[in-house]
2 protein chains.
Amino acid sequence: MTRKIPDSTVRRLSHYLRSLEGFQEPGGTVSSEELAARGQTTAAQVRKDLSHFGSFGKRGLGYRVDELRAHLRSILGIDRRWRVALVGAGRIGLALFEYPAFRARGYDCVAIFDPDPEKVGTVRAGLVVHDPSGFEDAVRDLGIELVILAVPEGAAQEMAGRAVEAGVKGILNFAPIRLNVPPLVPVEDVNLVMELEALSFAITQAGHEE
Amino acid sequence: MTRKIPDSTVRRLSHYLRSLEGFQEPGGTVSSEELAARGQTTAAQVRKDLSHFGSFGKRGLGYRVDELRAHLRSILGIDRRWRVALVGAGRIGLALFEYPAFRARGYDCVAIFDPDPEKVGTVRAGLVVHDPSGFEDAVRDLGIELVILAVPEGAAQEMAGRAVEAGVKGILNFAPIRLNVPPLVPVEDVNLVMELEALSFAITQAGHEE
DNA sequence: CGCGGCTTGTGAAAAACTTCACGAATGTAG
DNA sequence: CTACATTCGTGAAGTTTTTCACAAGCCGCG
Ligand SMILES: NC(=O)c1ccc[n+]([C@@H]2O[C@H](COP(=O)([O-])OP(=O)(O)OC[C@H]3O[C@@H](n4cnc5c(N)ncnc54)[C@H](O)[C@@H]3O)[C@@H](O)[C@H]2O)c1
Ligand SMILES: NC(=O)c1ccc[n+]([C@@H]2O[C@H](COP(=O)([O-])OP(=O)(O)OC[C@H]3O[C@@H](n4cnc5c(N)ncnc54)[C@H](O)[C@@H]3O)[C@@H](O)[C@H]2O)c1
């Protein structure tokens with residue numbers, strides 16, 4: 001049923017899901033038009049996006065809110081819980097792990113690793129910080145599937161390699177480098193400097209256009 | 001010379017720039033092939049991206065590293081310094097403002113706003129936290145051009161509106177909502193939950209493909 | 001100075017993605 | 001039961017972005 005789904009489609013699906021959450025009556029229905037209005041896109045785009053995965057609507061009526069929500073959660077793979085480890089208990093990593101919305105969205109924070117002697121043994125975000133030497137064992141014992149990698153640039157590739165080797169299924173990477181991992185293991189990069197640069201580009205560009 | 005530059009091109013330019021930073025001899029040259037290798041793209045793509053803005057290379061030789069770096073910085077609008085304010089001195093906002101790479105990249109943190117009485121008056125990231133009531137004056141007096149918006153969902157639209165009204169030129173938004181601002185003011189959204197969902201989608205999908 | 005090995009810059013072709021437009025369902029009202 | 005007003009699902013058309021392929025330019029060397 002599904003072949004190659006555009007990246008942009010996945011992003012929009014995530015948006016649709018969020019739009020549905022903050023919705024009036026869960027028993028109600030929503031049209032592609034309404035959904036598009038909340039997402040900076042078009043009704044046709046909404047329908048096309050969804051059509052990659054099946055037919056979830058009723059003609060003349062729209063989509064049942066609760067039903068579509070369940071389908072989206074299933075499509076995005078969050079109709080289950082994911083076990084997540086934080087590697088690097090620094091500023092950005094802890095900000096994430098202390099953010100309540102993650103748990104609410106299906107991601108369970110189950111372990112934190114950091115070699116800093118001042119952090120090992122202390123409690124952060126409700127978890128004891130462990131030295132990375134025990135990382136591989138923990139992946140196995142705790143069934144860790146996702147890693148949030150928030151370590152300094154120099155340590156990122158090494159820890160990514162160890163994560164993959166240990167059987168981790170995906171990595172959310174904050175280090176500003178391109179990780180070298182097998183193509184079967186998806187990596188999402190978050191590069192905040194790049195976002196700022198996109199902003200200054202857009203501002204600067206606006207002045208240059210005629 | 002420039003018309004409509006694809007978003008993906010801007011992201012790649014940012015990448016090229018970073019690749020050039022960590023480069024051996026600044027006097028040396030680099031080919032589109034080498035640049036592509038570090039960026040998960042192709043040589044043709046590199047040349048096409050750059051060709052939107054001019055001809056920076058020498059045939060048979062490649063690009064002078066220092067020269068290309070200067071061009072990229074100019075294209076991205078970071079051949080100058082930007083004055084940035086943080087709105088919302090929470091976990092994610094402070095993680096950013098305490099991150100040294102921003103200053104190094106041309107962004108100066110000049111003010112922090114937060115209404116929390118326990119935070120107002122204290123020093124964070126080297127700056128005194130101010131109540132948002134003084135926001136508009138500060139934008140004018142300090143020449144603030146960019147805002148990092150890291151406030152709770154409910155306050156995001158209001159503060160975005162105030163920022164635009166006060167003359168801010170761009171917003172980096174962490175709140176998981178679509179801000180309603182005039183089209184002339186660029187907004188970059190950072191949505192970390194969406195990144196995680198893209199990850200679980202990719203993992204789940206891998207299982208479904210035949 | 002002319003030749004040969006490289007590498008850029010760029011139209012043209014291909015691929016990917018978005019928008020259009022309309023037939024087919026579905027519910028409602030009379 | 002029929003007419004009607006909706007809204008989906010989807011092939012086809014249109015647009016954007018990427019890839020291809022090659023002439024043109026540059027360097028070094030004999
Ligand atoms: N803070 C930001 O706003 C920001 C923005 C963009 C990118 N980043 C990137 O995110 C990463 C983390 O940034 P940060 O600001 O949180 O840094 P930080 O210095 O606050 O935290 C990094 C943590 O990683 C730990 N660490 C070092 N080696 C490790 C290892 N092998 N295994 C586990 N932990 C290890 C350190 O002890 C430290 O606690 C960096 O790569 C940085 O470039 C951060
Ligand atoms: N922490 C994360 O990892 C994370 C991840 C994704 C998204 N976000 C989003 O980022 C935003 C901030 O998250 P956080 O975790 O830093 O929250 P936080 O609660 O730690 O910080 C929010 C801060 O904003 C301040 N604030 C409230 N109203 C304000 C106003 N009108 N003007 C200025 N400041 C105001 C609060 O006093 C608080 O200090 C939220 O919208 C959140 O959804 C955070």
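Every chain is numbered from 1 and lettered A, B, ... according to where its sequence line falls, protein lines coming before strand lines. The structure presented is a predicted model; accordingly, all values stated were derived computationally and were not measured.
We find that CD of B:E34 is positioned 12 Å from C1' of C:dC6, with the value rounded to whole Å. Per the geometry, CZ belonging to B:F53 stands 16 Å off C1' belonging to C:dT10, to the nearest Å. Atoms NZ (A:K4) and P (C:dT18) sit 12 Å apart, rounded to a whole Å. Going from atom CZ of A:F56 over to atom C1' of C:dT26 covers 19 Å, rounded to whole Å. The interatomic distance linking B:L50 (CG) with C:dG9 (P) rounds to 7 Å, in whole Å. At whole-Å resolution of the value, CZ in A:R12 and C1' in C:dT18 are 8 Å apart. As a whole-Å value, the separation of B:R59 CZ from D:dC22 P is 16 Å. For the pair A:L61 CG and D:dG9 P, the computed distance is 11 Å after rounding to whole Å.
Phosphate contact (OP1/OP2 of C:dC6, side-chain N/O of B:S31, threshold under 4.0 Å): absent. Between C:dT8 and B:S32, a contact under 4.0 Å exists linking OP1 or OP2 to a side-chain N or O. The side chain of A:R47 places no N or O atom within less than 4.0 Å of a non-bridging phosphate oxygen (OP1 or OP2) of D:dG9. The side chain of A:Q45 places an N or O atom within less than 4.0 Å of a non-bridging phosphate oxygen (OP1 or OP2) of C:dT19.
A salt bridge links B:E145 with B:R80: at least one charged nitrogen is closer than 4.0 Å to a carboxylate oxygen. Contact check on B:R38 versus B:E34 returns no salt bridge, with no Lys/Arg side-chain nitrogen under 4.0 Å from an Asp/Glu carboxylate oxygen. Ion pair B:D137/B:R140 flagged as a salt bridge, since at least one NZ, NE, NH1 or NH2 atom sits closer than 4.0 Å to an Asp/Glu carboxylate oxygen.
Nucleic acid contact class of A:T41 (heavy atoms, under 4.0 Å, all strands): none.
Checking C:dG9, C:dC17, C:dT19 against the side-chain heavy atoms of B:S55 singles out C:dG9 as nearest. Closest to the A:K48 side chain, of the nucleotides D:dC8, C:dA12, D:dT10, is D:dT10. In the set D:dT18, C:dC22, C:dT18, the nucleotide with an atom closest to the side chain of B:T9 is D:dT18. Nearest nucleotide to the side chain of B:Y63, out of C:dT26, C:dT8, D:dG11: C:dT8.
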Without placing hydrogens or testing angles, list every side-chain donor-acceptor pair under 3.5 Å for residues 177-190 of chain A, not counting sequence neighbours.
residue : atom : partner : partner atom : Å
A:R178  : NH2  : B:H15   : NE2          : 3.2
A:R178  : NH2  : B:G39   : O            : 3.1
A:D189  : OD1  : A:N173  : ND2          : 2.7

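Heavy-atom distances to DNA chain C give each of B:G60 and B:A44 a nearest nucleotide, and the one nearer the 5′ end belongs to B:G60.
The CG atom of A:L13 sits 13.0 Å away from the CZ atom of A:R18 when rounded to the nearest 0.5 Å.
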